[in-house]
Amino acid sequence: MSTLTIEKLTVGYGDGAPVLDGLELEVPDGAVVALLGANGAGKTTLLRSLMGLAPVRDGRVLLDGTDLTALSTEDRVRRGLALVPEGRSVVVELTVAENLRLGTCWKKGRKNKGPAREAAVGQMYELFEPLARRRDAAGHTLSGGERQMLALARALVGEPDVLLLDEPSLGLAPLVVAQLLGVLRDQAAATGLTVLLAEQNVTGALSVADRGVVLSLGEVVADRPAAELAADPALRHAYLGF
Amino acid sequence: MERLVFLLSTGLARGAVLALFALSLVIVYRAARAVNFAQAAMAIVPVYVAFAVTSASGSYWLGLASALVVGALLGAVVERWLLRLVPQDNPLPGIIVAIGLVMVLQAGLAIAFGPDHRPVHAPFSQRPFEIAGVGVLSPYDLFVLVVAAVVMGSLAILFNRTSVGLQLRAAAFAPETSRLLGVRVPRMVTLGWMLSIATAALAALLLVPTGLGLDPHAADVLFVNAFAAAVIGGLDSPVGALVAGLVVGVLASLVTGYASAATAPLAVLALLTVVLLVRPHGLFAAREARTA
Ligand SMILES: Nc1ncnc2c1ncn2[C@@H]1O[C@H](COP(=O)(O)OP(=O)(O)OP(=O)(O)O)[C@@H](O)[C@H]1O
Ligand SMILES: [Mg+2]
């Protein structure tokens, strides 16, 4: 639904060396792009800076040609960007249903009320059966897998144009990972959602992505079709170390 | 027996005011993660406004409405243009600024209106009803109980049943996650302060006719007792504030009646100590402490 363009993005914490240095990347409308790289390569930093949560020194972030750089996190959400952050970002004091409702609450007027919202939330319960069973349970009683499902569902319920995900598979059993990634791929195919997926689980990420992008030392060092990256041992070895 | 009934019923009415004020402390604690030590001074300013409006217009209700409005405005102004400028990484600067604010507000009131007590008349009689010869609640006590119940009920609906309430709670528990979901967290903090100070002003307004009258320190003791109640209840818990407020009110009333007024603060302190020894986070504190 939207194209995300990153131009010469330089991000650094404090006055240390930049973590991202003049990074260029385009995520076209409807694409699913896997963001790969070693620990500390700057994947989280990139995703957070796209949301306005990391200290950007230079460069621009464009959504369908509109510059987002000056916008606050809240306003970027209103433009159609969403991030499922690292770790289980469930608000543990709220129930499952409340967490889901929170995902739509920035919407104005009718979309945030009654039937429209109930329909959107109901759709998430269909996608994630365990959440439907536990809709009135408090967030802190959910398992890790359920929390990650809730975090993903809560982002989807807001109907973003571009979804950023930070290691959704961290600490989850293979079956749950497969389920989460499956939902993600189906949603992207069905709605034209644009996805940028940061993952350590390279095989899983490449299996749902169209393209793989490898970050190293603050730059994009490889940008290939996912199938090619997954199939070519020499490439894998050079960029991903296995 | 008659004495007990009378003390219990007045204790309940005082407790309702305490609970309301304790609730205001809980609201601001949730929004700002800090105890507002300026709550008493900030609550008494709108009461002066209400007093002036009531004197000028002759209408108690107009005064009450203006206290709520001025309380909300004062909460917004103090949060936006004072506390937001204070470093947030440690609570000390905020506390010092709050103490400074207390001095400025109370001295300002004393300069503007004089330091003396001003008698304030209740809108209803304070003579207790007699049931079978036993004095129980006065009409004014009844009014206080009804107002407190209505306000608490409305706040409960606001926080638990509305979209704004959901955003207020989420912003308090998990600010960054809330921002990522589009919640305007700074606005929610301001709104929390507005609700809190308006509630505190209402509690102070209800209290003043039952005490010595209006002076810049008229809400100070209320603050101390309500703070104790809020801590007993768990600081984070609206239900805790309600229950502990009523308990502290009744306790203070009983001790005042059977021992002396001077003993009441000690009894409250003793209760606070015992509760904190048994449950360091208060009676109704959330089970799971937040780590992230
Ligand atoms: N808040 C911060 N303050 C200072 N340095 C930071 C901060 N966050 C990240 N860094 C540094 O920035 C670099 C990139 O970190 P980042 O979290 O973006 O990596 P990552 O690719 O997400 O790694 P991982 O795969 O382990 O999650 C690291 O060297 C890290 O130490
Ligand atoms: Mg990371």
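Just so it is clear: chains get the letters A, B, ... in the order the sequence lines come, proteins before strands, and each one is counted from 1.
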*Do A/E93 and B/R30 pass the salt bridge (Lys or Arg N to Asp or Glu O under 4.0 Å) test, and can you show the C-alpha distance, the side-chain angles, and the key distance before you say yes or no?*
CA-CA 12 Å; A/E93 292 86 349; B/R30 285 186 149 201; over 6 Å; no
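- Counting all heavy atoms, side chain and backbone alike, A/S72 lies closest to B/R179 at CB-NH2, 4.5 Å.
- Here CG of B/L181 is found 4.5 Å from CZ of A/R154. Values are rounded to the nearest 0.5 Å.
- For the atom pair CG (A/L53) and CD (B/E176), the distance works out to 5.0 Å, reported to the nearest 0.5 Å.
- Counting non-hydrogen atoms of other residues, nucleotides and ligands closer than 6.0 Å to CZ of B/R187 gives a total of 12 or fewer.
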_Candidate pair A/L94 and B/R169, rule side chain to side chain contact (heavy atoms under 4.5 Å, CB included), full reasoning_ = CA-CA 8 Å; A/L94 304 181; B/R169 284 185 292 148; 3.8 Å; yes
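- Atoms NZ and OG, from A/K107 and B/S163 in turn, are 12.5 Å apart once rounded to the nearest 0.5 Å.
- Rounding to the nearest 0.5 Å gives a distance of 5.0 Å between CG of B/L166 and CG of A/L102.
- Both the backbone and the side chain of B/R184 have a heavy atom closer than 4.5 Å to some heavy atom of chain A.
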*Candidate pair B/L180 and A/T73, rule side chain to side chain contact (heavy atoms under 4.5 Å, CB included), full reasoning*: CA-CA 6 Å; B/L180 282 171; A/T73 306; 4.0 Å; yes
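- Heavy atoms of other residues, nucleotides or ligands lying less than 6.0 angstrom from CZ of A/R79 number 12 at most.
- Taking a 6.0 Å sphere around CD of A/E118, one finds it holds more than 12 heavy atoms contributed by other residues, nucleotides or ligands.
- When every heavy atom of A/V91 is checked against every heavy atom of B/A174, the shortest pair comes out as CG2-CB, 4.1 Å.
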